Number of protein chains: 2
Amino acid sequence: MEGKRISKSVLKRLPGYLAYLKNMPEDAPVNISATALANALGMGEVQVRKDLAMVSDGGRPKIGYQRESLIEDIEQFLGYDNTTDAVLIGAGKLGQALMGYKGFDEYGLNILAAFDEKPQMEKTEEGKPVYHISKLSAFCRTHKVLMGIITVPAEAAQQVADQLIVGGIKAIWNFAPTHLDVPSNILVQNENMATSLAVLSVHLQAQIKEEKEIKEKEGKL
Amino acid sequence: MEGKRISKSVLKRLPGYLAYLKNMPEDAPVNISATALANALGMGEVQVRKDLAMVSDGGRPKIGYQRESLIEDIEQFLGYDNTTDAVLIGAGKLGQALMGYKGFDEYGLNILAAFDEKPQMEKTEEGKPVYHISKLSAFCRTHKVLMGIITVPAEAAQQVADQLIVGGIKAIWNFAPTHLDVPSNILVQNENMATSLAVLSVHLQAQIKEEKEIKEKEGKL
DNA sequence: TTTATATCGATTATAGCATATCGATTAGAT
DNA sequence: ATCTAATCGATATGCTATAATCGATATAAA
């Protein structure tokens, strides 16, 4: 159901459910149970049920949820049904990769234009315009853009963020590996590869250490 | 200090500290206090202190931490001091962007080669070889690669993961927007843009709703 | 030498989240 | 019509992470 406040952890799990539901084959049953979802995604069934209860109320015993309406409920909750316009700053490799990613449509995200300090082209491969960064805040204001995607080097990120805020932006998707200082009403979502790498790296280290210990043990025997 | 078990949340914050410390100007003071770090990054000072205590023991009252040795401690803890080899599968735009990212050296990550279902070139711009995907598991075995980076479309991801595991990989960095089924000793770190987008989207929706309500109120006055 | 202050580290409290349990509901079989 | 089994939703419990508090320590100044 709607209207409740939702925790960030739940929020982050919802896209997972959505992706799984949307990728189910056409000839799959019309209904799906929270139990089945949980098993498929390797999670606890109670957690799945609780999460789904936050966004939908279509669950029926013995039947489960109607797949179609569950998808709609999640999408509506996540706001994927109405599009949000965004700008992207930093037309380097990563920036271009994001500009070219078709999947954003599904999430209701529409990148209007790219900005760069030294624009190498007038339009991207996809036909989106590339402007000089000096025009950033004005563009945001006139087009009422609410979201900025930062793919510039770390050194330039804060400066870009400041200009975005001048332009009236409310949310920033930050791919630069640096901390951004912003007013409290602006949301910064950090897509920081370094954090992921840290998790992986530490896991691997532990793994290697473990293997070494096993080998040493075997050597002693 | 070392040897303790560390929680994932702490782990994810460490790269933030590290990046900030490394970006400090040469002429900055030799020492830095947990308090100063906390203020700079907009966090609670107690949390920062606790996190640092997990990886270092160089904190001294009134002085703080020695910047250089703190950096070393964090890097050592994260395993950035010895390199880990990796392979990348999916030489599309995102894959190429990652291959070209110089910053990975700093994290001790070395991408040996790329694999693709239909290799478009023999070598990447950076001179790394691009092989057909059929050679994946053999390559991993012979080079004792422990980490795989998946940048293929969602449909192909599970299949690639399976082959990686056959090749003896221990950790997977998954950029495909899908759930991967793997044995419990394999770590999957999902770099899922969809989750970030969800957080942003819901925030923006709330923001828009709020603004609308304010306007309606003003209209009534 | 003494005192004041900045900072650390340990302990305790609070809150949020995940997990387990239980009763309620309903489709389908008998 | 009744019973069974699957599934849901709600409540209760336990755990982990964050936040708050307090004493200890070391430097610098008087």
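Computed from a prediction, not measured in an experiment: that's the story for all the values here.
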More than 12 heavy atoms of other residues, nucleotides or ligands under 6.0 Å from CD of E117(B): yes or no? no
Would you give the length of the straight line joining atom CD1 of I149(A) to atom CG of L88(A), rounded to the nearest 0.5 angstrom? 5.0 Å
Strictly under 6.0 Å, is that where the ring centroids of Y20(A) and Y17(A) end up? no
Separation of dC8(C) P from M54(B) CE (nearest whole Å): 17 Å
Return the value, rounded to whole Å, for the distance between atom NZ of K62(B) and atom C1' of dT3(C). 12 Å
Let me know the distance between NZ of K50(A) and P of dG9(D), rounded to the nearest Å. 13 Å
Rounded distance in Å - CG (D51(B)) to C1' (dA19(D)): 13 Å
Short N-O contact, E216(A) and K220(A), less than 4.0 angstrom: no
Give a yes/no on whether any side-chain N or O of S7(A) is located under 4.0 angstrom from OP1 or OP2 of dG16(C). no
When rounded to whole Å, the CZ to C1' distance for the pair R49(A) and dT7(D) reads 6 Å
Just the rounded figure in Å: distance from P of dT5(C) to CZ of R60(B). 21 Å
Side chain of S9(B) - closest among dT7(C), dT18(D), dG9(C): dT18(D)
Given dA17(D), dC8(C), dT7(D), identify the nucleotide with an atom nearest to the side chain of T35(B). dC8(C)
Judged by each residue's nearest nucleotide on DNA chain C, which is more toward the 5′ side, G44(A) or I63(B)? I63(B)
Options dC8(C), dA19(D), dC8(D), nucleotide nearest the side-chain atoms of Q47(B): dA19(D)
Choose from dT18(D), dT19(C), dT27(D) the nucleotide whose nearest atom is closest to any side-chain atom of V46(A). dT19(C)
Check the distance between dA27(C)'s P and Q66(A)'s CD and give it to me in whole angstrom. 13 Å
If I take atom CG in residue N39(B) and atom P in nucleotide dA6(C), what distance separates them, rounded to the nearest angstrom? 13 Å
